[in-house]
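Heads up: the structure comes next, in structure tokens.
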Amino acid sequence: MRYTEKDLFDYMDSGRVLRVTVCGGQTFAGRCWAYGAVVSKEEFGIAEPCLDVGCSTVLALSEIERIAFAGDAT
């Protein structure tokens, strides 16, 4: 699935723990915070929307392959 910046903010606004899979299959889990392209560029040097997973891993929108709520079946 191809996600949008709005999707990232919608997932963040859910307040739920997410499981985020990136291209290559690595998975990260935790509460997430979304950042628009302008803030991502200023804060992280990434010129596209980003998702910060668990306050420790910042993922660019183009890296994200799949987002699911942690308790949902895959």
Side-chain angles (χ1 to χ4, degrees):
M1 177 175 178
R2 185 166 175 109
Y3 296 98
T4 66
E5 182 174 316
K6 181 185 179 321
D7 293 327
L8 298 185
F9 279 94
D10 288 346
Y11 277 110
M12 176 188 73
D13 289 342
S14 77
R16 295 176 63 187
V17 173
L18 302 177
R19 187 175 53 252
V20 182
T21 305
V22 296
C23 301
Q26 191 171 9
T27 301
F28 302 90
R31 284 275 325 267
C32 295
W33 288 263
Y35 299 95
V38 172
V39 173
S40 294
K41 176 69 173 169
E42 292 172 0
E43 295 294 320
F44 310 114
I46 302 170
E48 62 181 293
C50 290
L51 196 62
D52 183 355
V53 183
C55 289
S56 62
T57 304
V58 178
L59 303 170
L61 182 61
S62 62
E63 297 177 276
I64 298 171
E65 187 173 285
R66 185 172 191 286
I67 302 172
F69 295 112
D72 293 351
T74 56

- Closest non-hydrogen atom pair between Cys23 and Ser62, with its separation: SG-O, 4.1 Å
- Message: Nearest 0.5 angstrom please: Phe9 CZ to Tyr35 OH, how far?
- Response: 9.0 Å
- Query: Taking C-beta and beyond as the side chain, do Tyr11 and Cys32 meet within less than 4.5 Å on heavy atoms?
  - Reply: no
- Note: Ala60 and Cys50 closest approach over all heavy atoms is CA-SG, 3.9 Å
- Which atom pair, heavy atoms only, marks the closest approach of Asp7 to Arg2? OD2-O, 4.3 Å
- Query: Transitively linked via ILVMFWY side-chain contacts under 4.5 Å: Trp33 with Phe28?
  - Reply: no
- Query: Would a distance-only check, ignoring hydrogens and angles, find a side-chain to backbone donor-acceptor pair under 3.5 Å from Tyr3 to Ile67?
  - Reply: yes
- Task: With the side chain counted from C-beta on, respond yes when Phe69 and Val17 share a heavy-atom pair under 4.5 Å apart, and no when they do not.
- Result: no
- Query: Within a strict 4.5 Å, meaning less than it, do heavy atoms of the Val38 and Glu42 side chains meet?
  - Reply: yes
- Item | Considering all heavy atoms, the nearest Glu65-Gly24 contact | OE1-N, 4.4 Å
- Message: I need the single residue from Asp52, Leu51, Val53 that forms a side chain to side chain contact (heavy atoms under 4.5 Å, CB included) with Val58. Which is it?
- Response: Asp52
- Within a strict 4.5 Å, meaning less than it, do heavy atoms of the Val20 and Thr57 side chains meet? no
- Consider only side-chain heavy atoms of I, L, V, M, F, W and Y, link residues closer than 4.5 Å, and tell whether Leu59 and Phe44 are in one cluster. no
- Item | Heavy-atom closest pair, residues Leu61 and Glu48 | N-OE1, 3.4 Å
- Message: Minimum heavy-atom separation for Met12 and Arg31, please, with both atom names.
- Response: O-NH2, 4.4 Å
